[in-house]
Amino acid sequence: MKGYFGEFGGQYVPETLLPALEELEEAMLQAFADDAFSAELQAYLSDYVGRPTPLTHALRLSAHYGCDVWLKREDLTHTGSHKINNAIGQILLARRMGKRRVIAETGAGQHGVATATVCALFGMECRVYMGSTDMARQRVNVERMRLLGAEVSPVESGGATLKEATSEAIRDWIANVDTTYYLIGSAIGPHPYPTLVRELQAVIGREAKAQFETLAGGLPDAVVACVGGGSNAIGIFSAFLDEASVELFGVEAYGEGNGRHGASINFGYPGVLHGTRSMLLQDKDGQVCETHSVAAGLDYPGVGPEHSHLAATKRASYRLVTDEQALAAFRLLGRLEGIVPALESAHAIAFLEQYSRQNSGRRVLVNLSGRGDKDVHTVFGGAA
Amino acid sequence: MIEERIRSTKRAVIPYVTAGLPDLDTTGDILDVLAAGGAAAIEIGIPFSDPVADGPVLQRASYLALKAGFRMCKLMERLGSWSARVSVPLVIMTYINPLMRKGLEDSLTALRDAGVQGVIIPDLPVDAGGIFDHCSRIGLDLVRLVAPTTKRARAREILSRCSGFVYAVSVKGVTGQRTSLPEGIDAQVASIRELTTLPVCVGFGVSRAGQVDELLGFADGVIVGSHLMQEVMSGTDPVERARDAFARLMNGSR
């Protein structure tokens with residue numbers, strides 16, 4: 001069925017939004033079939049975003065874990081995370097659709113910064129919804145967004161994190177649907193967003209696959225990425241889905257364990273949140289749970305529907321990394337490679353500890369989805 | 001039946017009450033005063049953690065009801081006695097996830113068994129044909145929403161799978177009180193009427209008797225949610241608040 005990945009996905013939205021989703025789908029299909037759109041996107045990706053990003057052979061990290069580790073360096077993009085790939089693509093789409101106002105939700109602030117950036121670049125009005133808990137722990141990104149001319153709206157309800165910010169962005173969209181483009185930041189939400197975001201993030205996988213072939217030869221044994229909503233993961237996985245020899249690992253935030261985590265695929269049940277059916281952390285009554293992760297970008301009770309499908313069909317495995325393990329990996333990568341990863345990406349690095357135990361000598365491609373400047377004060381105990 | 005009940009009620013106002021605020025005993029008492037006050041039907045809202053179609057008042061109502069310990073199983077225990085006791089049709093309004101958790105069809109059947117006559121689900125999947133068929137089979141009305149942005153072909157599709165009444169969403173926006181009615185709502189109702197013989201009720205934003213008068217000039221019924229819940233949440237006696245606020249809406253502005 002249209003917009004589904006197996007039993008997951010779909011469009012579960014208030015009727016007011018349905019025409020906007022149809023309009024978006026049509027614009028997306030036209031753009032993807034249009035060489036002029038591809039050329040324009042390509043030009044911005046190379047001349048503004050700074051693509052292709054390098055593939056770094058992490059020699060000291062490899063020695064530490066006893067397997068061969070390659071890092072896809074999305075931390076080196078303009079704005080410092082993979083979120084810009086999606087933001088630049090969607091803003092070009094918004095412009096084609098004649099929209100002048102852009103809204104977005106953000107957790108860690110990386111998507112908010114990316115959206116504020118592209119709105120500044122194209123002179124669009126920009127409002128970013130962000131939970132007040134996240135605003136406190138990602139203050140640097142809040143200041144960056146404001147510097148770029150975006151209005152950052154604090155969201156106080158519930159746990160005041162990404163889930164509430166997303167709900168508030170949807171409410172804004174319902175009220176302003178004629179003029180407003182909703183620039184969603186992850187591979188979540190109603191169709192066509194999960195497909196749109198995947199296609200715009202697929203550049204990560206295409207580049208990494210070609211770079212790996214050139215630098216290392218052949219295919220990696222495994223591809224690893226952290227999963228909150230799952231956009232960086234689906235972006236890098238997409239190039240390897242048909243390569244049966246390549247194991248795919250998504251790493252979920254296990255937080256403090258014992259019910260305080262964000263591991264939707266490991267502990268959730270199928271459910272509907274924010275317009276899509278996917279694995280969802282919820283109680284017996286279908287009320288959505290509060291989540292926890294030291295990484296704001298992974299602090300979300302749902303997950304992109306395509307990941308739920310990849311888990312159900314066993315094409316990808318979804319593993320757990322705790323706050324503590326992620327924090328250790330954050331420090332480790334800095335000490336061994338001179339790279340400070342985002343706390344989100346540090347979850348992917350930390351997984352190597354589990355992986356290398358049984359896979360010594362294997363070649364692993366890790367998506368280093370963002371840089372960690374924003375997290376330094378969290379790591380040093382400066383924020384909640 | 002809801003459809004006949006709306007047609008036969010002279011001033012068809014349909015109040016909305018969030019279940020379990022501050023507790024289910026109070027919800028039951030509120031149902032009684034609303035029925036005694038002449039409600040055409042009553043919507044009982046199941047609180048949800050993430051009510052994306054709701055404005056601040058109903059978000060808060062949901063939040064407070066959940067915080068006060070609302071449980072689905074407790075509601076199910078009460079529904080049977082409420083529908084036996086209250087003389088007007090009860091309609092459940094809920095986001096889809098709480099119904100899906102234990103299987104959508106089973107949940108709908110359980111509601112029917114408890115005497116509920118209809119359901120309103122603002123985030124039904126775009127293709128709700130199977131759900132409508134199930135509701136038809138078990139004799140539960142599936143009230144559908146038509147928005148100001150809904151195109152004619154889509155409206156036709158919705159209305160071919162709608163029963164009880166049509167819920168015309170009056171504004172682009174979330175639920176909440178508004179001081180004036182949006183322009184074009186009469187034309188929106190008229191265009192819905194071209195596609196269905198079901199009663200058309202208008203909701204989202206109604207808070208005054210004068211607005212009810214005006215809407216009933218061209219619509220079959222009016223739904224009032226946020227205004228009533230604002231009243232329920234703002235006093236020490238929620239039942240009295242609900243009764244008085246509803247009486248003001250029923251008396252009209254004349």
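Just so you know, these numbers use all the heavy atoms, side chains as well, and skip hydrogens, waters and symmetry mates.
A distance of 6.5 Å separates CZ of B:R71 from CG of A:D283, quoted to the nearest 0.5 Å. A distance of 6.0 Å separates CG in A:L273 from CZ in B:F48, rounded to the nearest 0.5 Å.
Heavy-atom neighbours of chain B within the stretch residues 158-175 of chain A, taken at a separation under 4.5 angstrom, comprise A:K163, A:S167, A:E168, A:I170, A:R171, A:I174, A:A175.
Contact count versus chain B (heavy atoms, under 4.5 Å) is highest, among A:Q282, A:R277, A:K2, for A:Q282.
With hydrogens and angles ignored, the 3.5 Å screen pairs no side-chain donor or acceptor of A:E15 with any backbone N or O of B:R144. The main-chain N or O of A:T16 is found under 3.5 Å from a side-chain atom of B:T149 such that the two form a donor-acceptor pair. In this structure, the side chain of B:N97 engages the main chain of A:G286 through a donor-acceptor pair within 3.5 Å.
For B:I96, the part lying under 4.5 angstrom from a heavy atom of chain A is the side chain only. With a 4.5 angstrom heavy-atom cutoff, A:V288 touches chain B via backbone and side-chain atoms both. Contact annotation for A:H191: neither backbone nor side-chain heavy atoms come within less than 4.5 Å of a heavy atom of chain B.
Look at B:R101 and A:D285 and you find no salt bridge, because none of the NZ, NE, NH1 or NH2 atoms lies under 4.0 Å from a carboxylate O.
In this structure, B:M100 and A:Y12 approach most closely via the heavy-atom pair CE-OH, 4.2 Å.
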